[in-house]
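Values in this document were obtained by computation on a predicted structure and should not be read as measured data. Only this structure's heavy atoms are used, side chains among them; waters, hydrogens and symmetry mates stay out.
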Amino acid sequence: MKTPTEAVEEQRTSPPGPRSTKPSPPKDARGTKKKRGTGRVANTLLGLASAVLGLLVWVVLANSGIEGFPGPVAVARRAGDLIADGTLFEDAGASLKRVLIGYVLGVALAIPVGFLMGWYPVVRRLIEPWLQFFRMVPPLAIIPLAIVLMGIDETPKIFVIFLASFLSCVVSTFQGVVSVDVTLVNAARVLGARDPQVFLGVVVPASTPFILVGMRIGLGASWATVVAAELIAAQGGLGYRMQQAQVYYDLPTIFVQLIAIGAIGLAMDRLLLLAERRLTHWQERR
């Protein structure tokens, strides 16, 4: 029979046994899915709570004694009348058409110009001073000049919307290109990538979040500009209807147009946000 000392010595000198090759149990994805589902439910509930809180504040303001301030019921009735006779849809369609044309043209030009400015220093030095100069001039201030030079039809309205969206998006695109990590660019070149491959494989993906943020900012600037343009010279649109309601002190109609502008703009912004999440799914978010 072995003594305890001999048993310990034998255990030390004996070769180790084969390690267990039993695979570790797979991670359960249900926890992650549950967390995502819980987060979506929480976000929905918070959104509903925010809407209810906003309505309560509106009711309080309407009952606070402010002269002529309409409540939700009066605005809802007026909205029903404008929907019934088709006025609201016609005005919304006219404003949306102007915004889409000017916004799409502005973004379509801003993205390549921003890439050129960020990628080629010569182009940057030629264009950036003029870009910063016109950024300091509000597009609203150009509306009277545009009307004088282009007439009172759709052209000046679309032009100022184009200018607002272009100036907002080109700066973000340019900033996205110059903010690309130089280490990534050098690594791609060391691996043998040429300029077109570096541009498409590194610069464009890294700049996409900046471009989409610029597009969202440009969308808000486009809606603000179209309303101002319609207030000055238009024969239809949400801004035009607000200007007509102002003449007759029709506050419920003004509120209906404001809500319509906010609702349409919010829906378009949510679509851009969805596109941003799909295109930049690799980016970490809080």
Hydrophobic clusters here meaning ILVMFWY residues chained together by side-chain heavy-atom distances under 4.5 Å, can you tell me if Leu271 and Val226 are in one? no
Heavy atoms of Pro144 and Ala141 approach each other most closely as CD-O, 3.5 Å
Any idea which heavy atoms bring Gly106 and Ser165 closest together, and the distance? CA-OG, 3.4 Å
With no hydrogens and no angle check, is any side-chain donor or acceptor of Ser50 less than 3.5 Å from a backbone partner on Leu46? no
Counting N and O atoms only, with roles assigned by atom type, does the side chain of Asn63 sit under 3.5 Å from a partner on the main chain of Val59, one being a donor and the other an acceptor? yes
Option passing side chain to side chain contact (heavy atoms under 4.5 Å, CB included) with Lys97 (candidates Val99, Leu100, Ile101): Ile101
With a 4.5 Å cut-off on side-chain heavy-atom distances among I, L, V, M, F, W and Y, is there a chain of contacts connecting Tyr249 to Tyr240? no
Residues Ala188 and Val202: closest non-hydrogen pair is CB-CG2, 4.1 Å
One should read off an interatomic distance between Leu163 CG and Leu109 CG, to the nearest 0.5 angstrom, of 10.5 Å
Check whether any side-chain N or O of Trp58 sits under 3.5 Å from a backbone N or O of Pro70 as a donor-acceptor pair, and report yes or no. yes
Do the ring planes of Phe69 and Phe255 sit parallel (below 30°), tilted (30 to 60°) or perpendicular (above 60°)? perpendicular
Under 4.5 Å between any side-chain heavy atoms of Ile261 and Met242, yes or no? yes
Under 4.5 Å between any side-chain heavy atoms of Ser207 and Val180, yes or no? yes
Does Arg216 come within less than 4.0 Å of Glu276, counting only side-chain N to carboxylate O? yes
Nearest 0.5 Å, please: how far is CG in Leu167 from OG in Ser172? 11.0 Å
Quick check: closest heavy atoms across Arg124 and Gly118, and the distance to 0.1 Å? NH2-O, 3.0 Å
Begin from the C-alpha positions of Glu230 and Arg98 and carry the test salt bridge (charged side-chain N to carboxylate O under 4.0 Å, His left out) through to its verdict. CA-CA 10 Å; Glu230 292 174 348; Arg98 293 165 183 151; 2.6 Å; yes
Across all chains, not counting sequence neighbours, the side-chain hydrogen bond (donor to acceptor under 3.5 Å, both in side chains) partners of Ser64 are none
Does one hydrophobic cluster hold both Phe115 and Ile217, with members joined at side-chain heavy-atom distances below 4.5 Å? no
Looking at every non-hydrogen atom in both residues, tell me the closest pair between Leu96 and Met268 and how far apart they are. CD1-SD, 3.8 Å
Joint hydrophobic cluster, Trp223 plus Val107, side-chain heavy atoms closer than 4.5 Å: yes
Would you say Leu126 and Pro129 make side-chain contact, with heavy atoms under 4.5 Å? no
Would you indicate whether the side-chain heavy atoms of Arg78 and Asp250 approach each other to under 4.5 Å? yes
Which distance, rounded to the nearest 0.5 Å, do you find between the CG of Leu219 and the CD1 of Ile264? 11.0 Å
Side chains of Leu105 and Phe159: does their closest heavy-atom pair fall under 4.5 Å? no
Measure the shortest side-chain to side-chain distance between Ile254 and Gln257 over non-hydrogen atoms and say whether it is less than 4.5 angstrom. no
Counting only heavy atoms from other residues, nucleotides and ligands, does the tally under 6.0 Å from CD of Gln246 exceed 12? no
Checking one residue: Val148. Which other hydrophobic residues are in its cluster under the side-chain 4.5 Å linking rule? none
Atom pair OG1/CG of Thr253 and Leu238 - distance to nearest 0.5 Å: 12.0 Å
Side chains of Gln197 and Arg194: donor-acceptor distance under 3.5 Å anywhere? no
Under 4.5 Å between any side-chain heavy atoms of Thr173 and Phe210, yes or no? no
Side chains of Val198 and Trp119: closer than 4.5 Å at any heavy-atom pair? yes
Tyr103 side chain to Met215 main-chain N or O, any donor-acceptor pair under 3.5 Å? yes
Atom CG in Asp91, atom CD in Gln244: separation rounded to 0.5 Å? 10.0 Å
With respect to Ile111, which candidate in Ile211, Val204, Leu116, Val170 satisfies the side chain to side chain contact (heavy atoms under 4.5 Å, CB included) definition? Ile211
Verify, without hydrogens or angle tests, whether Thr225 (side chain) and Ala164 (backbone) share a donor-acceptor contact under 3.5 angstrom. no
Once you round to the nearest 0.5 Å, how far does CG of Leu131 lie from CZ of Phe133? 12.0 Å
Are Ile142 and Met136 grouped together when hydrophobic residues (ILVMFWY) are joined by side-chain heavy atoms under 4.5 angstrom apart? no
Val160 versus Ala229, closest heavy-atom pair with distance: CG2-CB, 4.3 Å
